[in-house]
Colleague: 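One structure, as structure tokens, below. Some questions next.
Just so you know, these numbers come straight off a predicted model, no measurement behind them. All residue numbers in this chain count up from 1 along the given sequence.
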Amino acid sequence: MPHNEGLVPSEWVRRWAPLVERGPVLDVACGSGRHARLFAERGLEVVAVDREAQNLSGNIHFVRADLEGGNPWPFAGQRFAAIVVTNYLHRPLFPHLAAALDEGGVLIYETFMLGNERFGRPSNPEFLLRPGELLEAFAGLHLAAFEQGRVERPKAAMIQRLCALRDKAESIRLE
């Protein structure tokens, strides 16, 4: 892994970030906060959640929560203008993510899929999406883009990516 990989926002997130014009933005399983910082630098209010404490500042409100520990969803009743999830999969969160997306909101999701076990971790099928799984999970949203397959950077992996909106498709501005 390149030294700065944990600091550089995903190309997929950067590609679709211009669709996010307001906050709050929820960065799920934020890790080092690379995506939280991306949106905060654009002047948006950001909520970042992770099970490990993170030192994030500026327009970023950090919430420490174990999203897999059987605890209730920490954002019950809250709505977000955008939700970003990368390199993380916990299927029971899918309905919570969809419900937390505000009208006109943007979901940007990118994580590993089956076949990634050939390239390293994660290799447990519990943490790998099935083909088309994000499409199925978020079928109630309007699709802006979907990709699945092998990528070479930042390292060789099998990836699935989705960008979807809780709004009509004609509101999606493409580059």
Side-chain angles (χ1 to χ4, degrees), residues 1 5-10 12-13 16-17 20 23-40 44-57 60-102 105-141 146-148 151 154-164 166:
M1 173 191 312
E5 181 182 318
L7 304 176
V8 177
S10 148
W12 184 253
V13 174
W16 297 105
V20 181
V25 175
L26 177 62
D27 185 357
V28 177
C30 69
S32 65
R34 62 190 174 139
H35 298 115
R37 286 185 184 93
L38 172 72
F39 289 100
L44 301 175
E45 175 191 355
V46 178
V47 177
V49 60
D50 202 282
R51 69 178 176 194
E52 302 296 329
Q54 302 295 327
N55 185 16
L56 302 171
S57 59
I60 304 171
H61 172 70
F62 178 75
V63 175
R64 186 173 182 180
D66 182 357
L67 299 173
E68 300 173 27
N71 300 315
W73 172 243
F75 306 106
Q78 294 182 49
R79 302 289 292 241
F80 297 91
I83 299 174
V84 177
V85 186
T86 62
N87 300 339
Y88 179 74
L89 176 62
H90 184 58
R91 290 174 177 92
L93 290 183
F94 288 168
H96 295 293
L97 298 175
L101 197 61
D102 200 7
V106 181
L107 172 66
I108 304 172
Y109 206 127
E110 175 182 46
T111 197
F112 302 97
M113 67 178 288
L114 288 172
N116 195 68
E117 61 277 4
R118 295 187 314 242
F119 303 103
R121 297 179 64 177
S123 58
N124 180 338
E126 184 178 332
F127 303 113
L128 300 173
L129 291 164
R130 298 179 305 277
E133 187 172 356
L134 287 178
L135 287 174
E136 295 169 16
F138 298 102
L141 302 177
F146 175 78
E147 296 179 350
Q148 64 182 6
V151 297
K155 64 176 185 159
M158 291 296 291
I159 296 290
Q160 197 169 125
R161 303 168 167 157
L162 175 128
C163 178
R166 181 172 303 286

Colleague: Tell me, yes or no, whether the heavy-atom count around N55 atom CG, taken from other residues, nucleotides or ligands under 6.0 Å, exceeds 12.
Modeller: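 Not more than 12 within 6.0 Å, no.
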Colleague: Show your working on side chain to side chain contact (heavy atoms under 4.5 Å, CB included) between D27 and Q54 and close with a plain yes or no.
Modeller: CA-CA 12 Å; D27 185 357; Q54 302 295 327; over 6 Å; no
Colleague: Is there side-chain contact between L162 and L107, with at least one heavy-atom pair below 4.5 Å?
Modeller: yes
Colleague: Out of curiosity, H90 NE2 to E126 CD, how far, rounded to the nearest 0.5 Å?
Modeller: 8.5 Å
Colleague: Do you know which of Y109, F146, F112 makes side chain to side chain contact (heavy atoms under 4.5 Å, CB included) with Q160?
Modeller: F146
Colleague: Has the side chain of N116 got a donor or acceptor atom that lies under 3.5 Å from a matching backbone atom of P122?
Modeller: yes
Colleague: If you take all heavy atoms of A137 and F94, which pair is closest and at what distance?
Modeller: CB-CD1, 3.3 Å
Colleague: At their closest point, which heavy atom of L129 faces which heavy atom of L134, and how far apart are they?
Modeller: CD1-CG, 3.7 Å
Colleague: Give a yes or no on whether the backbone of A76 and the side-chain of Q78 come within a donor-acceptor separation of less than 3.5 Å.
Modeller: no
Colleague: For V49 and L26, what are the C-alpha separation, side-chain angles and deciding distance, and is it a side chain to side chain contact (heavy atoms under 4.5 Å, CB included)?
Modeller: CA-CA 8 Å; V49 60; L26 177 62; 4.2 Å; yes
Colleague: Look up atom CG in L56 and atom CZ in R34, then write down how far apart they are to the nearest 0.5 Å.
Modeller: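 Output value for this atom pair is 13.0 Å.
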Colleague: More than 12 foreign heavy atoms under 6.0 Å from CZ of R91: is that the case here?
Modeller: yes
Colleague: What are the two closest non-hydrogen atoms of D50 and G31, and how far apart are they?
Modeller: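 Here D50 and G31 meet closest at OD2-N, 2.7 Å.
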Colleague: Mind checking whether L114 and R130 have side chains closer than 4.5 Å, heavy atoms only?
Modeller: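 A side-chain contact under 4.5 Å exists here.
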Colleague: Can you measure from CD (E45) to CZ (F80) and round to the nearest 0.5 angstrom?
Modeller: 8.5 Å
Colleague: Within this structure, what is the NZ-CZ distance for the pair K155 and F119, rounded to the nearest 0.5 Å?
Modeller: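 Here the interatomic distance stands at 10.0 Å.
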Colleague: Say you draw a straight line from SG of C30 to CZ of R64; how long is it, rounded to the nearest 0.5 Å?
Modeller: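 The distance works out to 11.5 Å.
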Colleague: How far apart are the closest heavy atoms of I60 and A48, and which atoms are they?
Modeller: CG2-CB, 4.0 Å
Colleague: Restricting to non-hydrogen atoms, name the atom on L44 and the atom on G23 that form the minimum distance, rounded to 0.1 Å.
Modeller: CD2-N, 3.8 Å
Colleague: Counting N and O atoms only, with roles assigned by atom type, does the side chain of R166 sit under 3.5 Å from a partner on the main chain of A98, one being a donor and the other an acceptor?
Modeller: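 Yes, the answer is positive, given that a donor and an acceptor are paired below the 3.5 Å cut-off.
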Colleague: Measure the CE-CD distance between M113 and E133 for me, rounded to the nearest 0.5 Å.
Modeller: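 Rounded to the nearest 0.5 Å, the CE-CD separation comes out at 9.5 Å.
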Colleague: Provide the closest heavy-atom pair for W73 versus A100 in the form atom of the first, atom of the second, distance.
Modeller: CZ2-CB, 4.4 Å
Colleague: Quick one: does V13's side chain get under 4.5 Å of F39's, heavy atoms only?
Modeller: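 Answer yes - side chains close enough.
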